[in-house]
Amino acid sequence: MFLKSITKNNVTRLYFYESYYKDKKTKQRMVKSLGRLDDLEKIYSDPIAHFEKLAKEETLKQKESKSMSLNIDLSAAFNTNEDNLKNVGYVVLKILYRELELDKFCKIKTQSREIHYDFELIFRLLVFSRVLFPGSKRKTYAQKDVYFENFNGFSLDDVYSALDIIYEHQKELQKWIYEHSQKIFERDLSITYFDCTNYYFDIGRPDVDMLDDERNPINEKGEHVDAKYRKRGPEKNRRPDPIVQMGLLMDKNGIPIAYDLFPGNESEKVHMRPIINRIKSEFLDSRIIFVADRGLNTSDNIYFLNGDNKGEENLRDGYVYGQSIRGADAEFKEWVLEGNYKVTKLKDDSGEEFSFIHKSRIYPKTINVNLTVSGRKKKKKKAVSIDQKQMVYYSEKYAKKQRRDRSVMVERAKDMIKHPKKYDKVTSAGSAAYVNNISFDKTTGEIVEGVLLTLDVEKINEEAKYDGYYSIVTSELNMSDIEMQEVYRGLARIEETFKISKSDFETRPIHVRTNEHIDAHFATCFSSLVFIRLLQAKLRGKYSVEKIVNSLRKYNCVNLDTNVWQFVYYDEIIKDCEKIFDIELNHKYRNQLEIRRLLRY
């Protein structure tokens with residue numbers, strides 16, 4: 001509150017005024033009329049000094065007071081599109097954002113650029129919105145006023161322009177986040193998890209590359225470029241849409257480290273090595289055990305990481321891979337079925353006891369690797385003997401699942417034989433593997449007519465022998481069977497991370513078109529994933545990502561008066577966030593200044 005004098009028609013009057021915030025502007029309003037100055041001079045020797053002192057005392061009293069009176073106009077009506085609900089849950093993300101010094105990163109990367117918009121503000125909006133209110137770039141821009149803090153001063157075109165800058169610095173961003181996240185939570189890279197997934201585009205046709213005479217991608221100028229991402233490939237849900245593929249590397253605690261993108265029509269098997277090389281050269285040059293599923297268990301990947309694994313101490317990186325039993329050689333299959341399993345009593349995550357039925361061996365396995373030969377384009381095949389620990393275990397629960405899944409496939413295969421016109425390459429969904437003589441038209445994808453289709457009973461019976469058996473192999477010859485299983489189970493966290501990115505963060509379908517903007521899109525999605533995993537880790541894994549996001553999304557306030565806001569949600573997750581970040585989030589009412597101080601802007 002402050003004293004204000006207004007002179008009109010040669011008469012000066014004194015008033016108490018106060019400042020308030022409305023429609024994103026600071027305004028003033030009269031609190032009390034004190035009277036004419038000449039009349040007040042008859043009462044007070046110095047009316048201005050007297051009332052200035054009173055104004056200061058009243059201002060101090062209001063600051064110290066925990067209560068106030070509000071006048072509510074019960075006849076007040078809404079303005080069109082009026083929305084007084086503002087999200088403040090992003091305060092937790094903003095704290096992590098500043099602890100990662102991403103504001104500093106953005107300023108460093110744009111300090112030499114002449115741009116008319118605030119790049120850091122756009123990047124922050126994209127990251128926060130991917131966690132709390134995911135959508136396309138257009139939708140994110142349209143709903144930017146959902147936050148208490150203003151995200152103004154730029155256009156939708158500026159958002160797309162900012163994507164070009166994000167693309168240029170995407171790999172530096174990954175490294176920056178990893179290095180700065182170590183101050184927030186321990187990053188353990190002694191064991192890392194790698195897996196691949198894909199994301200679809202809601203478009204009818206894949207991109208087509210321009211190629212030179214050696215079939216390398218080029219642009220209109222004839223310069224070599226990366227292949228376009230949007231290609232048709234094995235989409236996880238068997239959609240026919242073009243996809244882009246992602247390889248993600250995650251640390252022992254389930255926090256993403258780095259990622260790479262590659263075209264949808266390329267094999268994931270060759271894309272583990274480039275990201276590992278980048279991690280070893282730019283992030284941490286120490287021994288790492290890489291964990292991946294059986295789809296990445298190739299001879300080249302084994303040899304690339306670990307060599308032949310001979311000798312008492314192998315200083316090269318290690319691996320723990322899933323191993324296909326049905327796709328293994330005859331000797332391995334015979335070993336799986338010959339018995340001699342031992343039973344170890346263990347407890348699952350819920351504390352229930354179960355029987356771990358397992359056996360293992362150290363085996364000199366022969367693999368065929370592709371070696372680069374100087375002066376030759378084609379690689380040379382070489383047989384190499386490696387030492388490998390192989391473990392197999394049996395689960396009745398897994399056996400029942402495999403029988404149930406195969407039963408569905410076989411029933412579909414029988415229907416395909418009776419009604420081939422009902423199915424094509426996509427809708428056959430794996431059942432074609434149980435049908436003899438089947439083939440598909442390369443143009444239409446329909447089943448080729450004119451051949452006798454029969455059920456492959458021999459294949460079905462062969463597969464049934466191995467129901468319930470699962471195998472894991474490793475370079476770590478002294479690793480126990482139980483430890484092998486525990487380490488491999490960690491892959492479930494990376495599958496969960498992919499699910500979060502696709503469902504909670506709505507990373508798909510992808511709405512941007514060029515490789516550069518696709519890269520930038522995933523850079524913001526990756527940043528958001530790190531944020532939520534760091535927060536989940538700081539909360540000691542007590543809550544799922546879905547619950548955390550829901551709480552932050554619901555931590556909103558509504559405007560009661562020009563300067564007073566009421567918070568409308570509070571739960572145990574918000575309460576725990578108070579403790580770990582040393583902030584107060586349990587106030588039901590706050591004024592404008594208090595919320596700004598909370599958000600630090």
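Just so it is clear, the values below take in all heavy atoms, side chains as well, and ignore hydrogens, waters and symmetry mates. In this text the structure is predicted, and so the values were computed from the model without any measurement.
Judged as a salt bridge (Lys or Arg N to Asp or Glu O under 4.0 Å), the pairs with a partner in residues 254-276 (not counting sequence neighbours) are, in order, D260-R278.
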Criterion salt bridge (Lys or Arg N to Asp or Glu O under 4.0 Å) on R600 and E149, from CA distance to verdict: CA-CA 10 Å; R600 298 182 184 179; E149 188 174 346; over 6 Å; no
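Counting only N and O atoms by type, the side chains of K4 and Q28 include a donor and acceptor under 3.5 Å apart. In summary, the side chains of T12 and S5 do not present any donor paired with an acceptor at a separation below 3.5 Å, with no hydrogens or angles considered.
Using bins of under 30°, 30° to 60° and over 60° for the plane-to-plane angle, the ring pair Y97/F128 lands in the perpendicular bin. In this structure, H50 and Y44 have parallel ring planes: the angle between them is below the 30° cut-off, well short of the 60° mark. Between H180 and W176, the angle of the ring planes stays under 30°, which puts this pair in the parallel group of the 30/60° scheme. The aromatic rings of Y259 and F522 are tilted relative to each other, their planes meeting at an angle between 30° and 60°.
For T110, the side chain to side chain contact (heavy atoms under 4.5 Å, CB included) partners are R113, I115, F119, I165, not counting sequence neighbours. With sequence neighbours excluded, the residues forming a side chain to side chain contact (heavy atoms under 4.5 Å, CB included) with N79 are E82, listed by chain and number.
Salt-bridge check for D317 with K280: passed, with a basic side-chain N closer than 4.0 Å to an acidic carboxylate O.
Atoms NZ and CG, on K94 and L598 in that order, are 9.5 Å from each other to the nearest 0.5 Å.
The six-membered or imidazole ring of Y90 lies near that of Y147, with a centre-to-centre distance under 6.0 Å.
The 12-atom threshold is exceeded at NZ of K502, counting heavy atoms of other residues, nucleotides or ligands nearer than 6.0 Å.
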